[in-house]
Peer 1: 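Below is a structure I'd like to ask you about.
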Amino acid sequence: MFGKNKARNYVSGPRELIVEKKPKSPVSEQFRTVRTNIMYSNIDTEIKTVLVTSATPGAGKSTTAANLAVAYAQSGKKTLLMDADLRRPTTHYTFEVTNQRGLSTVIVNDVPVENIVRETEIENLDIVSSGPIPPNPSELLSSKKMTHLLKTFSMHYDMVIIDSPPLLAVTDAQVLSKITDGTVLVTNVAENNRDKLREAKDLLNKADANILGVVMNNKKMNTKKDDYYYYYGSE
Ligand SMILES: Nc1ncnc2c1ncn2[C@@H]1O[C@H](COP(=O)(O)OP(=O)(O)OP(=O)(O)O)[C@@H](O)[C@H]1O
Ligand SMILES: [Mg+2]
């Protein structure tokens with residue numbers, strides 16, 4: 001679509017895209033089920049922009065967002081994966097592209113969107129990485145420019161999937177949930193913290209978000225929490 005700059009070597013990246021690599025696996029089938037469920041969740045209004053978020057860090061947002069985007073692309077829909085986690089972005093790692101320009105660049109500077117959209121080797125899938133991490137992510141994401149950008153993208157793509165920081169850490173995802181058609185909450189089954197999930201849901205309701213559903217991620221590995229506090233604890 002917009003993208004002229006190809007993302008390279010995504011398959012050998014440190015973050016494996018299972019839907020791309022093993023499309024017949026049960027996990028890939030689950031991502032396709034999420035895709036179908038999103039389609040059926042709102043019959044009357046077309047869902048074109050979907051925010052992927054979670055209550056707490058490390059739940060599997062980025063993994064879900066990226067694989068869901070691949071699942072959409074594979075179904076023939078022109079898809080954009082946008083990394084709106086301007087604090088701990090990972091899309092540029094997954095697709096092995098540089099992150100010198102991206103979402104933050106286009107919001108702050110007067111650069112054309114063509115400069116930040118990259119085609120991937122996956123047919124129908126373009127990406128926008130976060131760009132350099134700004135000092136004021138929530139401000140950028142709540143700007144008029146961001147709203148305008150999303151409108152532009154939703155006109156050019158069949159589906160825009162947006163990765164974001166966790167809801168209970170910073171306001172970014174809440175801000176984004178106001179300007180997206182629907183929100184998917186990812187939760188790590190192993191943690192299974194219902195109180196936090198409820199708190200996250202309350203925040204989304206306050207923002208008048210359209211909650212499409214919850215993705216139960218069966219992540220067995222434990223993540224180092226201290227590491228995340230470092231990234232998200234600054235606001
Ligand atoms: N179901 C799973 N099985 C195994 N590993 C997983 C699973 N889901 C996620 N992971 C791994 O756990 C780590 C965290 O996942 P991911 O980056 O998707 O979470 P996140 O919610 O985006 O985190 P953050 O809050 O830091 O943005 C990654 O290394 C990812 O590869
Ligand atoms: Mg992430």
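The first residue of the sequence shown is numbered 1, and numbering continues consecutively from there. The model shown is predicted, which means the values in this text are computed figures rather than measured ones. Each ligand, and each atom within it, is numbered from 1 in the order the structure gives.
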Peer 1: I need the minimum non-hydrogen distance between Leu141 and Met146, along with the two atoms involved.
Peer 2: O-CG, 3.3 Å

Peer 1: Do Arg118 and Thr98 have a side chain donor and acceptor closer than 3.5 Å?
Peer 2: yes

Peer 1: Where does Asn218 meet ligand 1, judged by heavy-atom distances below 4.0 Å: at the side chain, the backbone, both, or neither?
Peer 2: backbone

Peer 1: Could you tell me, atom by atom, which parts of ligand 1 come under 4.0 Å of a heavy atom of Arg88?
Peer 2: 26 (O)

Peer 1: Glu29 and Arg32: salt bridge (Lys or Arg N to Asp or Glu O under 4.0 Å), yes or no, with the steps?
Peer 2: CA-CA 5 Å; Glu29 186 53 39; Arg32 287 192 289 273; 2.8 Å; yes

Peer 1: Consider every N or O of Gly60 and every N or O of ligand 1, then say whether any pair is closer than 3.5 Å.
Peer 2: yes

Peer 1: For Thr63, take its heavy atoms, then give the atoms of ligand 1 lying under 4.0 Å from any of them.
Peer 2: 9 (C), 15 (O), 16 (P), 18 (O), 30 (C)

Peer 1: Atom CG of Asp163 and atom CZ of Arg88: how far apart are they, to the nearest 0.5 Å?
Peer 2: 11.5 Å

Peer 1: Of all the atoms in ligand 1, which lie at a distance below 4.0 Å from a heavy atom belonging to Asn217?
Peer 2: 1 (N), 2 (C), 7 (C), 8 (N), 9 (C)

Peer 1: Taking only residues two or more places apart in sequence, or in another chain, which ones meet Ser41 in a side-chain contact (heavy atoms from CB on, under 4.5 Å)?
Peer 2: Leu212

Peer 1: Evaluate Lys145 against Asp110 for salt bridge (Lys or Arg N to Asp or Glu O under 4.0 Å), listing each step before the verdict.
Peer 2: CA-CA 10 Å; Lys145 209 149 174 194; Asp110 227 357; 3.8 Å; yes

Peer 1: Taking heavy atoms and a distance under 4.0 Å, where does Asp85 meet ligand 1: side chain, backbone, both or neither?
Peer 2: side chain

Peer 1: Under the salt bridge (charged side-chain N to carboxylate O under 4.0 Å, His left out) test, which residues partner Asp208, sequence neighbours left out?
Peer 2: none

Peer 1: For ligand 1, which atoms sit closer than 4.0 Å to a heavy atom of Pro57?
Peer 2: 25 (O)

Peer 1: Quick check: does Ser62 put an N/O/S atom under 2.8 Å from the Mg ion (ligand 2)?
Peer 2: yes

Peer 1: For Lys61, counting its heavy atoms only, list the atoms of ligand 1 lying under 4.0 Å from any of them.
Peer 2: 18 (O), 19 (O), 20 (P), 21 (O), 22 (O), 23 (O), 24 (P), 25 (O), 27 (O)

Peer 1: Could you state the interatomic distance from CD1 (Ile162) to NZ (Lys61), rounded to the nearest 0.5 Å?
Peer 2: 14.5 Å

Peer 1: Does an N or O anywhere in Ser62 fall below 3.5 Å from an N or O of ligand 1?
Peer 2: yes

Peer 1: So for Gly58, does at least one of its heavy atoms come nearer than 4.0 angstrom to any atom of ligand 1?
Peer 2: yes

